[in-house]
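Below is one structure, written out as structure tokens, with a few remarks after it.
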Amino acid sequence: MEILSAPQIRAWDQYTMEHEPVASIDLMERAAAACFSWLKRNGYAERSFSVFCGKGNNGGDGLALARMLSRINCPVSVSILEFGHKGTDDFQVNLARLHEVDVEVRFIQGEEHFRPLPSEDVVIDALLGSGLNRALDGVTEKLVGHLNRSGNEIIAIDIPSGLFVDRSSKGNACISATHTLSFQCLKPAFLVAENADCIGKVHVLDIGLQNSWLMESRSELELVDRPMIAAIFKPRNDFAHKGHFGHALMIAGSQGKMGAASLSALACLRAGVGLLTCHVPGCGYGIIQTSVPEAMVQTDKEDKMSTALPNDFAPGKFAVIGIGPGIGQDQRTKSMMQDVLRKFRRPMVIDADALNILAIDKFLLSEIPPYSILTPHPKEFERLFGGAGDDFARIQSAREAARQFHCVVVLKGHYTFIAMPGGKGYFNSTGNSGMAKGGSGDVLTGILTALIAQGYSPGEAALLGVYIHGLAGDLAAAANSRESMLPSDLIGQLGKAFISLYKPQ
């Protein structure tokens with residue numbers, strides 16, 4: 001699914017009006033009808049409503065919705081922000097149509113016109129929509145605060161008032177919606193953590209915009225969904241053997257952190273690698289041989305940490321190296337990593353302590369093999385590439401880092417962001433807060449390593465791996481609850497996650 005900026009959304013509307021063709025007032029009616037249908041489907045037909053409108057087209061949506069609700073005998077009142085200027089043409093048409101039904105209309109010119117809201121009313125926010133170009137102030141800002149303090153359920157039309165579509169609204173006054181009814185596509189504002197308290201649950205409603213526009217105007221941002229993953233996924237050939245699925249090397253673990261090595265190794269095997277060798281410190285030999293019997297093990301000369309690759313290390317032996325889970329940041333481990341970067345020039349998967357080593361010596365970033373996958377969480381990302389004042393700035397920084405270092409950056413979060421070296425960015429659609437436990441990232445490292453070993457390109461591996469990782473998390477949450485699920489449960493659900501890709505939908 002495409003994720004569009006505010007100008008792109010306006011362009012899509014305009015294209016539809018010209019090529020369907022459809023008048024703008026009829027497209028507005030279509031949008032209001034989609035919201036009306038959603039309200040009826042979700043049990044709101046017996047509720048009462050307080051609708052708050054600006055005088056732009058978002059306000060016009062609100063007026064049309066108020067008219068439709070009144071016609072099924074829902075008690076409705078409408079309040080319009082009044083600044084002494086005429087509304088848009090479509091707003092004015094819908095205001096005239098509203099006078100045909102029994103709806104009380106009030107105008108708000110200042111705080112003196114604010115009224116306590118009936119506690120049973122559902123508030124409809126149709127104040128501003130996606131055309132916002134500056135932070136709220138004055139009466140509008142105060143009205144948003146008044147609505148947020150009311151304690152009433154708030155349903156925002158298009159986007160909660162006060163939120164910018166495609167840049168940060170951090171620190172600005174914004175409606176705190178329970179539900180957001182948006183149109184046709186996701187907006188970047190819905191996918192960043194800083195807006196979580198404003199957007200509530202987002203519902204994308206189809207209003208029949210022309211799909212041909214998408215074929216001509218691709219966005220730089222896209223949602224990773226099942227159709228995309230189904231196109232990437234390559235089911236196994238019946239005559240395949242283990243040599244077809246690659247030999248991976250996993251460099252992981254240190255004393256007290258061998259669990260990270262076990263998780264990444266198990267995930268790598270469950271994600272389909274043909275052969276797996278684990279390089280671990282001496283203390284980890286028995287642990288890996290016992291917990292991951294399918295893996296081969298080579299041990300470091302040191303007992304507590306990995307400090308050097310074996311003298312017979314042959315880079316051509318391995319299709320990919322995964323490195324970082326639990327390795328620590330000792331200077332001798334750093335030297336080993338430098339050696340790996342110098343000798344191995346195929347794409348790698350770099351996570352956890354390996355990222356922290358890169359952050360300590362940023363010169364090493366230029367040594368990363370092209371098209372490697374880096375998997376930082378936000379704190380690791382800041383250590384690597386500097387702080388960001390907001391989520392949008394962090395996403396932009398990830399895209400710049402991917403271009404600069406010719407790598408794939410997987411910025412972990414609720415909608416994990418995947419930045420490609422060519423500039424395109426993807427938000428993942430699977431996963432849940434139950435995965436917010438130490439060890440979940442180690443599982444992802446194993447999955448990504450396995451997919452590259454099997455011949456997926458690093459970009460394909462990142463998209464498929466992050467999606468499957470999140471899907472396994474969703475299955476684990478359904479089986480165990482978000483609170484109780486463990487990273488090892490993700491590994492246990494990888495089979496079901498892959499099976500789901502075989503099934504047509």
| field | Validation row: L95, I80 side chains within 4.5 angstrom (heavy atoms) | value | yes
| said: Using side-chain heavy atoms (C-beta onward) and a distance below 4.5 Å, is Y371 in contact with S457? | reply: no
| note | Value for CD1 (I350) from OG1 (T375), rounded to nearest 0.5 Å, stands at 9.0 Å
| field | Spatial distance of atom CG (L384) from atom OG (S397) [nearest 0.5 Å] | value | 9.5 Å
| task | Would you check, one step at a time, whether the test salt bridge (charged side-chain N to carboxylate O under 4.0 Å, His left out) holds for R394 with D391? | result | CA-CA 5 Å; R394 187 175 294 109; D391 289 337; 2.9 Å; yes
| query | Do other residues, nucleotides or ligands put more than 12 heavy atoms under 6.0 Å from R399 CZ? | reply | yes
| field | Output field: ring centroids W38/H179 closer than 6.0 Å | value | yes
| How many angstroms lie between CD in E100 and CZ in R71, if you round to the nearest 0.5 Å? | 6.0 Å
| task | Identify which one of D13, D90, D89 satisfies the side chain to side chain donor-acceptor pair (under 3.5 Å) criterion when paired with S24. | result | D90
| request: Anything under 30° is parallel, anything over 60° is perpendicular, the rest tilted; go ahead and classify F381 against F385. | output: tilted
| message | Other residues, nucleotides and ligands only: do more than 12 of their heavy atoms fall within 6.0 Å of CZ on R134? | response | no
| Non-hydrogen atoms of A66 and V51 that approach each other most closely | CB-CG2, 4.1 Å
| field | Closest non-hydrogen atom pair, P487 against G439 | value | CB-C, 3.6 Å
| note | When every non-hydrogen atom of F91 is compared with those of G59, the smallest separation belongs to CD1-C, 3.9 Å
| field | Shortest non-hydrogen contact from V78 toward C53 | value | CG1-SG, 4.3 Å
| query | Would you call R67 and V103 a side-chain contact if the rule is heavy atoms closer than 4.5 Å? | reply | no
| request: Apply side chain to side chain donor-acceptor pair (under 3.5 Å) to the pair K187 and S130, showing each step before the final yes or no. | output: CA-CA 9 Å; K187 299 172 172 65; S130 59; 5.6 Å; no
| task | Using the test side chain to side chain donor-acceptor pair (under 3.5 Å), find all partners of N57 that sit at least two apart in sequence or belong to another chain. | result | T88
| said: Quick one: does any side-chain atom of S264 pair with a main-chain N or O of D442 as donor and acceptor, under 3.5 Å? | reply: no
| note | In terms of heavy-atom contacts, A461 and L451 come closest through O-CD1, 3.6 Å
| Residue from H85, E82, Q92 passing side chain to side chain donor-acceptor pair (under 3.5 Å) with K55 | E82
| message | A side-chain contact here means heavy atoms from C-beta on lying under 4.5 Å apart; do L501 and L464 qualify? | response | yes
| query | If you count the non-hydrogen atoms of other residues, nucleotides and ligands that lie under 6.0 Å from CD in E120, is the total more than 12? | reply | yes
| message | To the nearest 0.5 Å, what is the distance between CG on D158 and CG on N58? | response | 5.5 Å
| Hey, mind stepping through S161 and D125 against side chain to side chain donor-acceptor pair (under 3.5 Å) and telling me if it holds? | CA-CA 7 Å; S161 293; D125 163 35; 2.6 Å; yes
| task | Under the side chain to side chain donor-acceptor pair (under 3.5 Å) rule, what do E18 and Q14 come out as? Steps first, then yes or no, please. | result | CA-CA 6 Å; E18 293 172 0; Q14 187 62 37; 2.9 Å; yes
| said: With side chain to side chain contact (heavy atoms under 4.5 Å, CB included) as the test, pick out the partner of F405 among L374, L365, I368. | reply: L365
| query | E20 versus D26: any side-chain heavy-atom pair under 4.5 Å? | reply | no
| said: Tell me if a side-chain donor or acceptor on Q184 pairs with a main-chain N or O of G208 at a distance below 3.5 Å. | reply: yes
Can you give each donor-acceptor pair under 3.5 Å made by side-chain atoms of residues 107-119, sequence neighbours left out, with the distance rounded to 0.1 Å?
from, atom 1, to, atom 2, distance (Å)
H113, ND1, Q109, N, 3.1
H113, ND1, G110, N, 3.4

| query | Minimum heavy-atom separation for F417 to L221, with atom names? | reply | CE1-CD2, 3.8 Å
| Among Y467, Y502, Y456, which residue meets the ring pair (Phe, Tyr, Trp, His ring centres under 6.0 Å) test with F233? | Y502
| message | So, taking the atom named CG in L471 and the one named NZ in K496, what distance separates them when rounded to the nearest 0.5 Å? | response | 11.5 Å
| message | Within the 4.5 Å heavy-atom criterion, are L186 and F427 side-chain neighbours or not? | response | no
| Would you call C35 and D61 a side-chain contact if the rule is heavy atoms closer than 4.5 Å? | no
| task | Could you tell me whether E382 atom CD has more than 12 heavy atoms of other residues or ligands within 6.0 Å of it? | result | yes
| Is there a side-chain contact between F49 and L39 (heavy atoms, below 4.5 Å)? | yes
| request: For D197, look at atom CG and say whether over 12 heavy atoms of other residues, nucleotides or ligands are found less than 6.0 Å away. | output: no
| task | Using modelled atom types only, decide if a donor and an acceptor are shared between the side chain of R106 and the backbone of S77 within a distance under 3.5 Å. | result | no
| said: I'd like to know if E222 and K424 make a salt bridge, using a cut-off of under 4.0 Å between side-chain N and carboxylate O. | reply: yes
| Donor-acceptor contact below 3.5 Å, side chain T416 vs main chain G413 | yes
| CG/N172 to CZ/F164 distance, rounded to the nearest 0.5 angstrom? | 5.5 Å
| Ignoring hydrogens and geometry, is there a side-chain-to-backbone donor-acceptor pair from K437 to E483 under 3.5 Å? | yes
| Does the D474 side chain pair with the main chain of G431, one donor and one acceptor, at a distance under 3.5 Å? | yes
| task | Output yes when a side-chain donor or acceptor of S219 lies under 3.5 Å from a complementary backbone atom of I3, and no otherwise. | result | yes
| task | Decide side chain to side chain contact (heavy atoms under 4.5 Å, CB included) for E194 and F392; before the verdict, give the C-alpha distance in whole Å, the side-chain angles of both, and the deciding distance to 0.1 Å. | result | CA-CA 9 Å; E194 68 183 47; F392 285 87; 4.0 Å; yes
| message | Given 3.5 Å as the limit, does a donor-acceptor pair link the side chain of Q454 with the main chain of A271, or not? | response | yes
| Any donor and acceptor pair, going by atom type alone, linking the side chain of N356 with main-chain N or O of A359 inside 3.5 Å? | no
